[in-house]
Amino acid sequence: MSWTAAILTLFPEMFPGPLGQSLAGRALDADLWRCETHDLRSFGLGRHKTVDDTPCGGGAGMVMRPDVVDAALASVSRNDGASCVYLTPRGRPLTQADIRRYTAGSGVTLLCGRYEGVDERVLEARSVEQVSIGDYVLSGGETAALVLLDACVRLLPGVMGSAESGVEESFSDGLLEYPHYTRPAEWNGRAVPDVLLSGNHAAIARWRREQSERVTRERRPDLWAAHLSNTTHSSVQEG
Ligand SMILES: N#Cc1c(-c2ccc3ccn(Cc4ccccn4)c3c2)n[nH]c1N
């Protein structure tokens, strides 16, 4: 059975969306992965298929009901311990390690909320992972789910051919990627770094590593600190 993304959403028409194009789209057509949507509205209550209610304790907006979300989650036939993930601005940051974990299994269940989010009780009852794609507020979980799925699909076997860019160049060693250049050798008075035209592969590898370290240090002090800790840790372990 192909790696399957089971997506619970009020907007099933948003999927596969952009992931139906290009590499991910071709992989979908080749059955390298599957995109299965479940319309949360179909689990709604009463004549109007209600899925939300006012927040207990007052406050703006509406909250998605636990009984509706639970029925939808129960309808997803996954008995293989695949991760169930709720995209939320309140989640812990999504990482490449999470993506690797999700793609190591048979698939992932993604719960896409709307309004002010989902009643906490169903997330607790079903041990749903709560992750965020960044510190800004979206209108719902669907666009975040598309981001997560894009990161997963590119890691699946057979999706990224050798011609494509490195499967996991960024983040795989905890550093940001080095800058990239192509022809022409000079553009707008700016030249490609000489080392990249030298044919000296050892020097190119050294330059790229130095650039990755510089970019990470300048733009992501958090990743740089973790990198230093890991490299210090491993050198101590090696003795
Ligand atoms: N992942 C992720 C997200 C989201 C996200 C995900 C799901 C929902 C469901 C409703 N809203 C709107 C909303 C607005 C205000 C407070 C709570 N919720 C979502 C936003 N925003 N930013 C991220 N990195």
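Start at 1 with the first residue, then count along the sequence. Read the numbers this way: they start at 1 and go in the same order the structure lists the ligands and their atoms.
Annotation: salt bridge (Lys or Arg N to Asp or Glu O under 4.0 Å) contacts of D194 (sequence neighbours excluded): none.
Interface of L87 with ligand 1, defined as ligand atoms under 4.0 Å from a residue heavy atom, comprises 1 (N), 6 (C), 7 (C). For ligand 1 and A144, the ligand atoms under 4.0 Å from any heavy atom of the residue are 1 (N), 2 (C). Of all the atoms in ligand 1, the ones that sit under 4.0 Å from a non-hydrogen atom of V131 are 1 (N). Numbered from 1 in the order shown, with element, the atoms of ligand 1 that lie under 4.0 Å from a heavy atom of G134 read 23 (C), 24 (N).
The protein atom (non-hydrogen) at minimum distance from atom 16 (C) of ligand 1 is E116 OE1, 4.0 Å. Atom 15 (C) of ligand 1 has its closest protein heavy atom at V137 CG1, 3.6 Å. The single protein non-hydrogen atom nearest to atom 4 (C) of ligand 1 is P89 CD, 3.5 Å, given as residue, atom name and distance. The protein non-hydrogen atom at the shortest distance from atom 10 (C) of ligand 1 is Y115 O, 3.3 Å. Of all protein heavy atoms, the one lying nearest to atom 19 (C) of ligand 1 is G140 CA, 3.8 Å. At the shortest separation from atom 23 (C) of ligand 1 among protein heavy atoms lies Y136 O, 3.5 Å.
Ion pairing of D98 with R101 is present here, as a side-chain N (NZ or NE/NH1/NH2) and a carboxylate O approach within less than 4.0 Å. We find that R209 and E213 are joined by a salt bridge, their nearest charged nitrogen and carboxylate oxygen being less than 4.0 Å apart.
Side-chain atoms of T103 come within 3.5 Å of backbone N or O of I99 as a donor-acceptor pair. Judged by distance alone, with hydrogens and angles left aside, the side-chain atoms of S2 form no donor-acceptor pair with the main-chain N or O of L32 at under 3.5 Å. With hydrogens and angles disregarded, no donor-acceptor distance shorter than 3.5 Å links the side chain of N188 to the backbone of R190. In this structure, the side chain of W33 engages the main chain of A24 through a donor-acceptor pair within 3.5 Å. Under a 3.5 Å cut-off, the side chain of T50 and the backbone N or O of D52 do not form any donor-acceptor pair.
Across all their heavy atoms, R41 and L10 have their closest contact at N-CD2, 3.7 Å.
Under 4.0 Å from ligand 1, the heavy atoms of T88 that appear belong solely to its backbone. Residue contacts with ligand 1 for R114 involve N, CA, C or O but no side-chain atom from C-beta outward (heavy atoms, distance under 4.0 Å). When non-hydrogen atoms are compared, ligand 1 lies under 4.0 Å from neither the backbone nor the side chain of L94.
Considering V128, V122, T109 in turn, V128 is the only one that fulfils the side chain to side chain contact (heavy atoms under 4.5 Å, CB included) rule with Y86.
Taking each of V85, I133, L138, T143 in turn, the one with a heavy atom nearest to atom 20 (C) of ligand 1 proves to be L138.
Every heavy atom of V118 sits 4.0 Å or more from the atoms of ligand 1.
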